[in-house]
2 protein chains.
Amino acid sequence: MKFLIVEDDSDLNDILYDYLKDTFKEALINQVYDGETALELFHENTYDLILLDVMLPGISGFDVCKEVRESNNTPIIMLSALSDDENQIRGYDLGIDEFVKKPYSPKLVIKKVEAVLQRYDTTDNSGLKVYGLLKYDLAKCKVYRDFKELDLNNKEWKLFNLFIHNKGIVLSRDTILNKVWGYEYFGDERTLDTHIKRLRKKLGDTSSYIKTVYRIGYKFEK
Amino acid sequence: MKFLIVEDDSDLNDILYDYLKDTFKEALINQVYDGETALELFHENTYDLILLDVMLPGISGFDVCKEVRESNNTPIIMLSALSDDENQIRGYDLGIDEFVKKPYSPKLVIKKVEAVLQRYDTTDNSGLKVYGLLKYDLAKCKVYRDFKELDLNNKEWKLFNLFIHNKGIVLSRDTILNKVWGYEYFGDERTLDTHIKRLRKKLGDTSSYIKTVYRIGYKFEK
DNA sequence: ATTATTTGTCAAAGATTTGTCACTTATTAA
DNA sequence: TTAATAAGTGACAAATCTTTGACAAATAAT
């Protein structure tokens, strides 16, 4: 289990560290104090979860979140201070998983961490993994089939990432739209289908892994 | 599901009502037009969620929010007038769950309602359960018999789901129709039978779990 | 500024599910 | 035992949903 704590208040940072360490005995925990360092580490590592303060020196937690989401769906729990501005407030639109308002009880944070991890595939996310005929590296945002890299664009990667984190689980069209496109999307009903079509095409032989669940959505499964 | 709409503009209030009613068919919805009445109702009822306008005659939405928070954590979605960032910040400090700026699309409001409810939903449906020769996972919408997954379609799953939640209990035809088809269903008498037939077929050896209760309905039992 | 790539829209075609119906079979009260 | 009512069934039709290609719009790259 690997966590990243992004919190400029070093006392708070330490408190979170202690609680996490206590709950996940063997966890690896990185502590950083600003957004730039957070992103650096994020791109070099694969975390199971990120605890992210909104108010940071330099780039904001909001921006960190945005950049993380460009890459993948690493679970993010946002810690919001009392006087946040509008953008930060709308973290949910960016695909964060939980919001905890300061001043928070560390216990509550831990509870949310556990809840979020339970929702996700909790196995270690780092390195190359195999699923059926596919290989993928979540940290590097790469997918391979027959030793060839599939060149996925942003939307396709987001879709794939969502699927891989929810193997065997039926995802409703709404869920997919919300996770990949965000709450504010009210576009054409058929857009999702089109993107599924494109991802399937790139998946080639393995396109059948994306199963249509009639009237509900899709499911990713061998 | 029980909602409270607090909005002094009666047109807007009605629009919200309609959309909620449409999305949560069986919801109970109270409509009020000022803060005082809202609080009265709040203290007499338990709501799943409150839609709260900021600008109200008499006491403001904020005051309502404050008083609600002194009692409990009922989810609150606030509706604020345009470009009212200050208020948003205040709202989040008071522990509201989402903010929607006017003029808002009712669809967005509904999406936020769904998201908030999902966030609060603590029912644990995960994990494989066993019933007789069947295994099922409510979260994943899956049923297995002899290690093989039964490929149920939407209606069949709804039926199965209803049965599994009412093991050993006789469900009248009316109840089933209402729960699976919704209150407004006035279709053919034989439709339910047909669907039971189809579900039984897929259940194979375990089809006898669905027992006919003559003149009344069905019962799901080993 | 031009070109390439990605993303979104749409309508027609293809699939699946769901509803209907006529008819058969089962149940039960008298 | 039978008449009356209820439930089951297969075949078909209707409704609904998904796929797909072609194209347009938006965005990124050169």
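Below, read A as the first sequence line, B as the second, and so on, with proteins coming before strands; counting in each chain starts at 1. Please read these numbers as outputs of a predicted model, since none were measured by experiment.
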TODO: Determine: side-chain N/O of B/N153 to OP1/OP2 of C/dT16, distance under 4.0 Å, yes or no.
DONE: no
Open item on the list: Centre-to-centre under 6.0 Å for B/Y209 and B/F163, is that the case here?
Closed with: no
Open item on the list: Show, in sequence, the C-alpha distance, side-chain angles and deciding distance for B/Q31 and B/D14, and conclude whether the side chain to side chain donor-acceptor pair (under 3.5 Å) test is met.
Closed with: CA-CA 8 Å; B/Q31 296 176 272; B/D14 287 345; 2.9 Å; yes
Task: Phosphate OP1/OP2 of C/dT7: any A/W181 side-chain N/O under 4.0 Å - done: no
- [ ] Return yes if a side-chain donor-acceptor contact under 3.5 Å exists between A/D137 and A/Y144, otherwise no.
- [x] no
TODO: Quickly work out the A/E156 CD to C/dT5 C1' distance and round it to whole Å.
DONE: 11 Å
Task: Rounded distance (Å) that lies between atom P of C/dT27 and atom NZ of B/K211 - done: 14 Å
Open item on the list: Regarding A/T191 and A/T194, do their side chains bring together a donor and an acceptor under 3.5 Å, going by distance alone?
Closed with: no
- [ ] Can you sort out which residues in residues 187-199 of chain A have a heavy atom within less than 4.0 Å of DNA chain D? Ascending by number, please.
- [x] A/R190, A/D193, A/T194, A/K197
TODO: Calculate the interatomic distance between A/I216 atom CD1 and C/dA15 atom P; express it in whole Å.
DONE: 21 Å
TODO: Return the value, rounded to whole Å, for the distance between atom NZ of A/K155 and atom C1' of D/dA25.
DONE: 14 Å
Open item on the list: Distance check needed: C/dA15 C1' versus B/D151 CG, whole Å only.
Closed with: 14 Å
Task: Results of salt bridge (Lys or Arg N to Asp or Glu O under 4.0 Å) for B/E221 - residues two or more places apart only - done: B/K219
Open item on the list: Taking only side-chain N and O atoms of A/R215, does any of them lie within less than 4.0 angstrom of OP1 or OP2 on C/dT17?
Closed with: no
- [ ] Check the distance between C/dT7's P and A/K201's NZ and give it to me in whole angstrom.
- [x] 16 Å
Open item on the list: Taking 4.0 Å as the cut-off, does a side-chain nitrogen or oxygen of A/R200 come that near to OP1 or OP2 on D/dT19?
Closed with: yes
Task: B/Y47 versus B/N30, side-chain donor and acceptor atoms under 3.5 Å - done: yes
Open item on the list: Under 4.0 Å, heavy atoms only, any strand: does B/L152 hit a base, just the sugar-phosphate, or nothing?
Closed with: nothing
TODO: Would you state whether a donor and an acceptor, one from the side chain of B/Y214 and one from the base of C/dT27, lie under 3.5 Å apart?
DONE: yes
Open item on the list: In whole Å, I'd like the distance from the CG atom of A/D174 to the P atom of D/dC17.
Closed with: 13 Å
Task: Ring-ring centroid check B/Y17 B/F3, cutoff 6.0 Å - done: no
Open item on the list: I need the OH-C1' distance between B/Y218 and D/dA6, as an integer number of Å.
Closed with: 9 Å
